[in-house]
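Worksheet for the structure shown next.
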Amino acid sequence: MRPEVERLAIALYDYDCVKFGTFTLKSGLTSPIYIDLRLLVSHPKLLKAVGSILAAEAEEILFDRIAAIPYAALPIGVAMALELDRPMIYPRREVKQHGTRRAIEGTFEPRETALLVDDLITRGGSKLEAIESLEAADLVVKDVLVLIDREQGGARDLAERGYRLHAVLRLTDLLEVLADSERITAEERAKVLTYLEQTRVT
């Protein structure tokens with residue numbers, strides 16, 4: 001693991017973006033760990049670091065525009081766009097019934113390739129919904145980039161539809177860094193690893 005990624009993992013915990021307890025996820029799963037990257041907007045240096053690390057990962061991917069998923073990924077996408085000096089668009093969660101009534105905000109040309117960006121992935125549902133909106137606007141999507149892969153079937157869900165997942169951190173990597181830095185106990189790590197084994201889809 002690159003040193004800057006390890007430092008980021010620790011910072012995410014120190015800034016309360018990684019919590020341990022009992023949480024219900026958007027996917028409906030109950031989890032002993034919760035990752036809240038919406039808090040990044042309150043910590044500019046941390047947001048900048050996330051944008052920089054994701055931008056470095058994106059350098060290896062061919063794309064024309066960043067497409068960030070509302071809402072958590074919007075500030076992340078902007079940070080990436082500023083770092084890379086690349087344009088960003090985003091698919092609306094709800095299409096307005098007034099004004100332009102656009103499903104995709106921002107400017108783009110038909111058949112351009114969009115790199116879909118989100119904060120994390122559990123399963124592939126929300127990513128596939130966003131891809132559907134982008135493809136309906138005649139954009140091409142091949143790759144999805146996230147900061148954290150919770151390793152619970154998201155990569156498989158995307159691969160089954162022909163999309164590639166790129167993740168800076170896997171949840172198991174995050175747990176290892178937090179345990180090694182004594183941010184969490186061995187028991188906390190073991191509880192999440194057991195949960196992952198019980199819920200992981202391969």
Side-chain angles (χ1 to χ4, degrees), residues 1-21 23-27 29 31-61 63 65-94 105-106 114-127 129-130 134 143-152 154-155 165-179 181 183-184 188 192:
M1 185 185 300
R2 302 195 309 275
E4 63 270 25
V5 175
E6 187 170 335
R7 289 193 295 270
L8 176 63
I10 293 169
L12 290 174
Y13 178 85
D14 289 347
Y15 282 92
D16 211 28
C17 295
V18 181
K19 303 176 177 67
F20 292 82
F23 308 94
T24 301
L25 307 178
K26 182 179 179 181
S27 62
L29 297 172
S31 171
I33 184 172
Y34 185 67
I35 301 166
D36 186 4
L37 298 181
R38 291 173 179 81
L39 297 179
L40 291 175
V41 295
S42 296
H43 307 288
K45 289 183 180 179
L46 184 57
L47 175 58
K48 184 176 181 180
V50 168
S52 177
I53 286 172
L54 281 168
E57 193 80 19
E59 292 277 17
E60 306 299 318
I61 306 169
F63 66 97
R65 291 172 192 270
I66 297 165
I69 299 180
Y71 292 105
L74 288 180
I76 293 172
V78 170
M80 284 181 64
L82 292 171
E83 185 78 20
L84 293 167
D85 193 22
R86 301 286 289 273
M88 189 189 95
I89 58 176
Y90 65 91
R92 293 187 61 88
R93 293 182 69 173
E94 309 88 14
E105 294 292 356
L115 171 61
L116 190 68
V117 172
D118 207 357
D119 55 343
L120 53 81
I121 186 169
T122 303
R123 299 298 301 270
S126 63
K127 313 301 179 281
E129 287 176 10
L134 295 167
D143 299 276
V144 176
L145 174 60
V146 299
L147 184 64
I148 299 172
D149 177 9
R150 287 183 57 102
E151 300 179 89
Q152 292 176 274
L165 176 67
H166 308 262
V168 171
L169 275 167
R170 296 176 302 169
L171 187 53
T172 48
D173 298 329
L174 178 63
L175 292 170
E176 181 179 354
V177 171
L178 295 181
S181 62
R183 261 55 177 191
I184 62 173
E188 286 174 315
V192 179

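For reference, positions follow the sequence shown, starting with 1.
- Residue Ile61 holds its CD1 atom at 5.0 Å from CG of Leu115, rounded to the nearest 0.5 Å.
- Applying the side-chain hydrogen bond (donor to acceptor under 3.5 Å, both in side chains) rule to Ser126 yields no partners; only residues at least two apart in sequence or on another chain are considered.
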Leu169/Val5 under side-chain contact (heavy atoms from CB on, under 4.5 Å): CA gap, chis, key distance, verdict: CA-CA 8 Å; Leu169 275 167; Val5 175; 3.7 Å; yes
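- Scanning both residues, Pro75 and Val41, for their nearest heavy atoms gives CG-CG1, 3.5 Å.
- In this structure the side chain of Tyr13 never reaches within 4.5 angstrom of the side chain of Leu174, judged on heavy atoms.
- The environment of NZ in Lys48 is sparse: at most 12 heavy-atom neighbours from other residues, nucleotides or ligands sit within 6.0 Å.
- Contact record, Arg65 with Pro87: NH1-CB, 3.2 Å, taken as the closest heavy-atom pair.
- The side-chain heavy atoms of Leu84 and Glu59, taken from C-beta on, include a pair separated by under 4.5 Å.
- Residues Leu145 and Phe63 form no side-chain contact, since every pair of their non-hydrogen atoms from C-beta on lies 4.5 Å or further apart.
- Looking at Leu40 and Leu12, their side chains come closer than 4.5 Å, going by heavy atoms from C-beta outward.
- In this structure Asp119 satisfies the salt bridge (charged side-chain N to carboxylate O under 4.0 Å, His left out) test with no other residue, sequence neighbours excluded.
- Taken to the nearest 0.5 Å, the CZ atom of Arg7 stands 12.0 Å off from the CE atom of Met1.
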Go through Leu46 and Leu8 one step at a time and tell me if the side-chain contact (heavy atoms from CB on, under 4.5 Å) criterion holds. CA-CA 8 Å; Leu46 184 57; Leu8 176 63; 3.6 Å; yes
In sequence, state the C-alpha distance, the side-chain angles, and the governing distance for Val168 and Asp173, and then conclude on side-chain contact (heavy atoms from CB on, under 4.5 Å). CA-CA 10 Å; Val168 171; Asp173 298 329; over 6 Å; no
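- To the nearest 0.5 angstrom, Glu4 atom CD is 5.5 Å from Ile53 atom CD1.
- Under a 3.5 Å cut-off, the side chain of Glu151 and the backbone N or O of Leu171 do form a donor-acceptor pair.
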Evaluate side-chain contact (heavy atoms from CB on, under 4.5 Å) for Val192 paired with Ile184, printing each intermediate quantity in order. CA-CA 11 Å; Val192 179; Ile184 62 173; over 6 Å; no
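- The shortest distance between side-chain heavy atoms of Ile76 and Leu147 does not fall below 4.5 Å.
- Nearest heavy-atom pair across Pro91 and Ala130 is CG-CB, 4.1 Å.
- Here the CD1-CD1 distance, from Ile121 to Ile148, works out to 12.5 Å after rounding to the nearest 0.5 Å.
- Minimum heavy-atom separation, Lys127 to Leu120: NZ-O, 3.0 Å.
- Closest of all the heavy-atom pairs between Met88 and Ala68 is SD-CB, 4.0 Å.
- To the nearest 0.5 Å, atoms OG (Ser42) and CG (Asp16) are separated by 11.5 Å.
- Taking the side chain as every heavy atom from C-beta outward, Met80 and Arg86 never approach each other to under 4.5 Å.
- Under the 4.5 Å side-chain criterion, counting only non-hydrogen atoms from C-beta, Arg150 is in contact with Ser31.
- Residues Glu188 and Ile33 are not in side-chain contact: their nearest non-hydrogen atoms beyond the backbone lie 4.5 Å or more apart.
- Contact detail for Glu57 and Ala167: the closest heavy-atom pair is OE2-O, 4.4 Å.
- Atom OH of residue Tyr15 and atom CG of residue Leu47 lie 12.0 Å apart, to the nearest 0.5 angstrom.
- Under the rule for a salt bridge (charged side-chain N to carboxylate O under 4.0 Å, His left out), Asp149 has no partner lying at least two apart in sequence or in another chain.
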